[in-house]
Amino acid sequence: MVRQHRVHVVTTATSHQPRTKRLVSALAALLACAGLTACQDETDIKASPATASASAAVPAGLESFYNQKVSWYACAKTGMAKAKSGQDTGFTCAKVKVPLDYDNPGGKTIEIAVKKRAASEDSVGSLFVNPGGPGGSGIELVDGVGSYFSKNLTNSYDVVGFDPRGVGASTAVDCLTDAELDAERAGANDPATPSATATQERAQKMNASCESKTSTSGLLDHIDTISAAKDLDILRAVDGQQALTYLGFSYGTYLGATYAELFPANTGRLVLDGAVDPTLGAEELAMGQAKGFEASLRAYVQSCQSSKVGCPLSGDVDSGVSQIREFLESTKTAPLPTSDDKRPLTYDLAVYGVLGSMYQTQLWPTLNLGLSQAMGKMGKPDGSTLLTIADTISSRKGDGSYSNNGTEALMAVNCLDYPVQGDNASWEENAKAVKEASPTFSSQLLYPNAYCQGWGHTSSRKREKITASGAAPILVVGTTGDPATPYAWSEALADQLESGQLMTWKGNGHTAYGRSNDCVKKAVDTYLLNGTMPDKGLTGRRSGRPGPILQRGGGAAGAAGLLAPSAHSLSSPAMERPIHLARSSPASPCESRNWTLA
């Protein structure tokens, strides 16, 4: 039986500071919580190594990269630092050289940071993982993978995480100081009147800052997903794997699908959870998320109002949504005090605190508290809890530093993956449509094409179907109430892939594995461990009460991490890293329908 965990936050303190410290500690405890998916009652699944149909070919001109000798070293449980002498942490780390520009492999090189968590028992190979983003750190995901991956997986696989090019411990993009990022997130640089022209000007300024602070010249032109997928094949090779076994979340599904398109013969068992539709342009993605987050907000309000305890919203769902919008609007002219006298809760931070909470239903009780305090239902209006949520989601640590560069990397990657479409007139028309689709969150989703136009590092990639012809079976997992990667996107990707099969979880929140139930977990585990696909026509549905957050997979865990949308104005569209959570459920219901073969 899985133990239920709850967070108790004392709300009667007269001082903001003690209350906030307790909340930060509570969120940290949730993020670090372990052992929920790896529950005692797991059924053992016999594991076997994945194989390729033939020996993997080495692309011409890249022999030195594929054949390089990698120096692995024992590293700490967190990050890339060396372990203390004689200490066996179970982790090894390395830096792998790859070409900056694959069209010029004899030119400049960059480094990809890799971290491996050794299998607890006999290993059948390596499971590569990506938490999403773009900009999510696979190093940070691997640091806590024992908490939210099943014991079946961690017993049988060495789990390998990597920071994609431009990210984290790899050769990375650098744009803002911590103080500058604080100001950016708080809306200090927001134009008085948002417009396509103002967005382009803002992007130009951001690019100038990134160009001046990023130490590797040319990097900003070469952090696209195709290059990252080519890096991944080099990582597979130097790790000695005949075929790639891979679990990718959110943007990680796009990276995984791109890999399968480029290297179908090297593709082993791929699971893509919370899929991105590769045919969609930037504005189509923004519109899908606008509708998704607004629908998720309505689901939250309904849940809040039906809980009968601790909900600050009165009336029906429409009334509750209106109350949240009115509160958010009020912060434009009257930011709320918080426990940090220098950091009031501004409109941008308040929106981010609410929007980020839509990524995981496990955050909804904390959002109830945050809204109750901020809306003055518990005394004087206090924005501390919403600020804490927004900070945690953005990987801001208690000392004011940020654990990763995900916010900076996100749009830098997106603008190389999404060719600019349209002009100022069409961008303004799209902005009107997004505002209509999401009156609550549209400020975070406007003008993606205008931003990339101003950014200046343009994309030549076409937005088109990915079929991965000749690849081994690929399991795509979609969540019906996913706000960040709407279910229709998972349906579309599974349909495009020649060997794709769609598995559905009926629930709310972003992604499924590690935060849904045993039905989904067992199906994913079984495919990854021995290559057996789930039965066609099977659906996992929500059951039981939600359990706590396990860890932000991307930083304080972004993975799915409380690294919800780094969607801020810096990063539209808000294609985000998932927050990997676990749900402690007494049952694992599955139904004989709707796990469809696409």
Side-chain angles (χ1 to χ4, degrees), residues 49-73 75 80 92-118 123-130 138-139 142 157-172 216 218-219 221-248 252 254-270 413 416 461 466 468-472 474:
T51 58
S53 56
S55 297
V58 176
L62 299 177
E63 292 85 357
S64 64
F65 297 101
Y66 275 77
N67 297 325
Q68 66 185 287
K69 300 295 183 183
V70 176
S71 298
W72 291 91
Y73 61 91
C75 54
M80 293 284 290
T92 52
C93 295
K95 294 286 185 75
V96 177
K97 289 187 180 300
V98 298
L100 171 65
D101 180 359
Y102 276 92
D103 289 335
N104 181 25
K108 187 180 298 185
T109 63
I110 58 175
E111 291 185 323
I112 304 299
V114 188
K115 187 169 187 177
K116 180 187 297 187
R117 181 188 190 274
S123 174
V124 297
S126 291
L127 169 64
F128 286 78
V129 294
N130 180 274
I139 303 298
V142 166
Y157 274 115
D158 301 324
V159 183
V160 180
F162 59 98
D163 285 356
R165 51 175 56 209
V167 176
S170 295
T171 303
T216 303
L219 182 65
D221 291 310
H222 297 287
I223 53 175
D224 58 286
T225 297
I226 288 178
S227 295
K230 292 178 179 179
D231 294 344
L232 181 54
D233 198 52
I234 291 176
L235 298 183
R236 173 203 59 76
V238 299
D239 191 49
Q241 305 303 308
Q242 183 182 16
L244 179 75
T245 299
Y246 175 87
L247 174 56
Y254 184 48
L255 175 59
T258 300
Y259 178 92
E261 181 83 339
L262 294 173
F263 305 102
N266 301 351
T267 299
R269 301 164 188 162
L270 266 60
V413 176
L416 292 179
R461 183 169 188 179
I466 290 179
S469 178
I474 298 173

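Looking at residues two or more places apart in sequence or on another chain, you find a ring pair (Phe, Tyr, Trp, His ring centres under 6.0 Å) between Tyr259 and Phe263. Qualifying ring pair (Phe, Tyr, Trp, His ring centres under 6.0 Å) partners for Tyr246, counting only residues two or more places apart in sequence or in other chains: none.
By the 4.5 Å heavy-atom criterion applied to side chains, Gln241 and Val160 are not counted as neighbours. Counting only heavy atoms from C-beta outward, the side chains of Arg461 and Thr225 approach each other to under 4.5 Å.
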Listing, residues 103-111 side-chain donor-acceptor contacts under 3.5 Å, not counting sequence neighbours, or none:
{"unit_1": "Lys108", "atom_1": "NZ", "unit_2": "Ser217", "atom_2": "O", "d": "3.2"}
{"unit_1": "Lys108", "atom_1": "NZ", "unit_2": "Ser217", "atom_2": "OG", "d": "2.6"}

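Asp231 contributes atom CG, which lies 12.0 Å from atom CD1 of Ile226 (distance to the nearest 0.5 angstrom). One finds the CG atom of Asp221 at 9.0 Å from the CG atom of Asp101 (value rounded to the nearest 0.5 Å). The distance from atom CG of Leu127 to atom CG of Leu244, rounded to the nearest 0.5 Å, is 9.0 Å. To the nearest 0.5 angstrom, Thr267 atom OG1 is 10.0 Å from Glu261 atom CD.
Closest approach of Val114 and Val96 over heavy atoms only: CG2-CG2, 3.9 Å. The shortest non-hydrogen separation linking Met80 to Ala169 is CG-CB, 3.9 Å. Scanning both residues, Ser126 and Asp239, for their nearest heavy atoms gives OG-OD2, 2.5 Å.
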